[in-house]
Amino acid sequence: MNKPSRRPPAQAKPKASETPITLTPEEIAAAQSWVLYEDETIIVLNKPAGLSSQGGRIKAHTLDDLLWAFARPNRPRPKLVHRLDRDTSGVILTAKTKPAASMLGKALEAKRFRKSYLAIVAGAPEPKGGMIDSPLRRESIGREAYMRVCAPDHPDAETARSRYRTLAHNGLAALVELSPDTGRMHQLRVHMASIGRPLAGDSRYGGALMLGGVAAPRLMLHAASLTFPHPLGGERKVLAPLPSDFTAMLKALDLPVPEQRRPEPVDQA
């Protein structure tokens, strides 16, 4: 009698994110055109609006997928250190090595990152600047997730703090600078809505789609700068120039376009 043949031991399937993705030459060129800064440990990109950082239900390549444009033989592809909302543009950090990813991940958890955003809102906030210290809770409606301001003693409350500063304003709109002290989902959007100044184009949280006859092409939020501890020591501050749709709306609203500064060099320890 023939003995039953043994099956070879099952091999673990690689994670989807670790499976190489074939990109078109156009996709590779686009991803490489977003590079703001690169060295042997990190790549900093200027993410365009409309591109998901990771996952999502839309069957299209995410930024995480497009990082295969930077893959090198026998080396891991870059890993996202943090994320931006799909319709938010601006600076986003990736790590090229495992040690850099580990170090930066720990620094992010330790709140050693400083982020600055620019946003357009209807009217000027009152007061013109300050701290919004309102806990948030997550709420699911169907397949969509929302964040809501809640009481500090709510069982699902998460600490959330955001700083804001009005840079320019007129009778129609204002350009504000936003700096999150914590990193909750949709935090800046919900906090600004909570003081009656939702972001232009943010239909999810009550933002106007039209200001003075000027259409908001998307959520008008841009991650303008990121300061973080560099894996090689010291700090690095990277600035992301405003995209054309953002500057076009500022000009149409007769608001000044912020002067574009040059990136600051690495301060090596």
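Every value quoted in this text rests on a predicted model; they were computed, and no experiment measured them.
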Query raised in the report: What is the minimum heavy-atom distance between P125 and Y164, and which atoms define it?
Result: CB-CE1, 3.6 Å
Query raised in the report: Minimum heavy-atom separation for Q187 to G183, with atom names?
Result: OE1-N, 3.6 Å
Query - Residue pair L219, Y205: steps toward the side-chain contact (heavy atoms from CB on, under 4.5 Å) verdict - result: CA-CA 10 Å; L219 169 69; Y205 295 110; over 6 Å; no
Requested in this report: Decide yes or no on side-chain contact (heavy atoms from CB on, under 4.5 Å) for T182 and R161, but give the supporting numbers first.
Outcome: CA-CA 6 Å; T182 53; R161 294 183 302 273; 4.0 Å; yes
**Report entry** Donor-acceptor pair, side chain of K47 and main chain of S52, under 3.5 angstrom
**Finding:** no
Query raised in the report: Are any of the side-chain nitrogens in E126 or K128 under 4.0 Å away from the carboxylate oxygens of its partner?
Result: yes
Report summary line: All heavy atoms of R77 vs all of A71, minimum pair found to be CB-CB, 4.2 Å
Query raised in the report: Between E144 (side chain) and I141 (backbone), is there a donor-acceptor pair under 3.5 Å?
Result: no
Query raised in the report: Is the number of heavy atoms from other residues, nucleotides or ligands under 6.0 Å of H169 NE2 greater than 12?
Result: no
Query raised in the report: After noting the C-alpha distance and the side-chain angles of F228 and R236, does the key distance pass the side-chain contact (heavy atoms from CB on, under 4.5 Å) rule?
Result: CA-CA 6 Å; F228 55 94; R236 159 68 64 171; 3.4 Å; yes
Query - Presence of salt bridge, E158 and R138, under 4.0 angstrom - result: no
Report summary line: Taking every heavy atom of P152 against every heavy atom of A157, the minimum-distance pair comes out as O-CB, 3.7 Å
Query raised in the report: Taking the side chain from S102 and the backbone from P99, do they hold a donor-acceptor pair closer than 3.5 Å?
Result: no
Requested in this report: May I ask you to decide if D87's main-chain N or O and R218's side chain share a donor-acceptor pair within less than 3.5 Å?
Outcome: yes
Report task. Would you confirm whether H82, through its side chain, and L93, through its main-chain N or O, come within 3.5 Å as a donor-acceptor pair? Result -> yes
Requested in this report: Return yes if some donor-acceptor pair links the side-chain N/O of T94 with the main-chain N/O of I43 below 3.5 Å, else return no.
Outcome: yes
Query raised in the report: Going by heavy atoms in the side chains, are L118 and L167 under 4.5 Å from each other?
Result: yes
Query raised in the report: Is the number of heavy atoms from other residues, nucleotides or ligands within 6.0 Å of CG (N170) greater than 12?
Result: yes
Query raised in the report: Would the number of heavy atoms belonging to other residues, nucleotides or ligands and lying under 6.0 Å from CZ of R204 be above 12?
Result: yes
Report task. Could you walk me through whether L188 and T88 pass the side-chain contact (heavy atoms from CB on, under 4.5 Å) test, one step at a time? Result -> CA-CA 11 Å; L188 297 176; T88 301; over 6 Å; no
Query - Test item: side-chain donor near acceptor, T227 and E235, under 3.5 Å - result: no
Query - Whether Y37 and H230 hold their rings parallel, tilted or perpendicular, with breakpoints at 30° and 60° - result: perpendicular
Requested in this report: Return yes when atom CZ of R137 has more than 12 non-hydrogen atoms of other residues, nucleotides or ligands closer than 6.0 Å, and no otherwise.
Outcome: yes
Report task. Verify the neighbour count for atom NZ of K251: are there more than 12 heavy atoms of other residues, nucleotides or ligands below 6.0 Å? Result -> no
Query raised in the report: P241 and L36: which non-hydrogen atoms are nearest, and at how many Å?
Result: CD-CD2, 3.8 Å
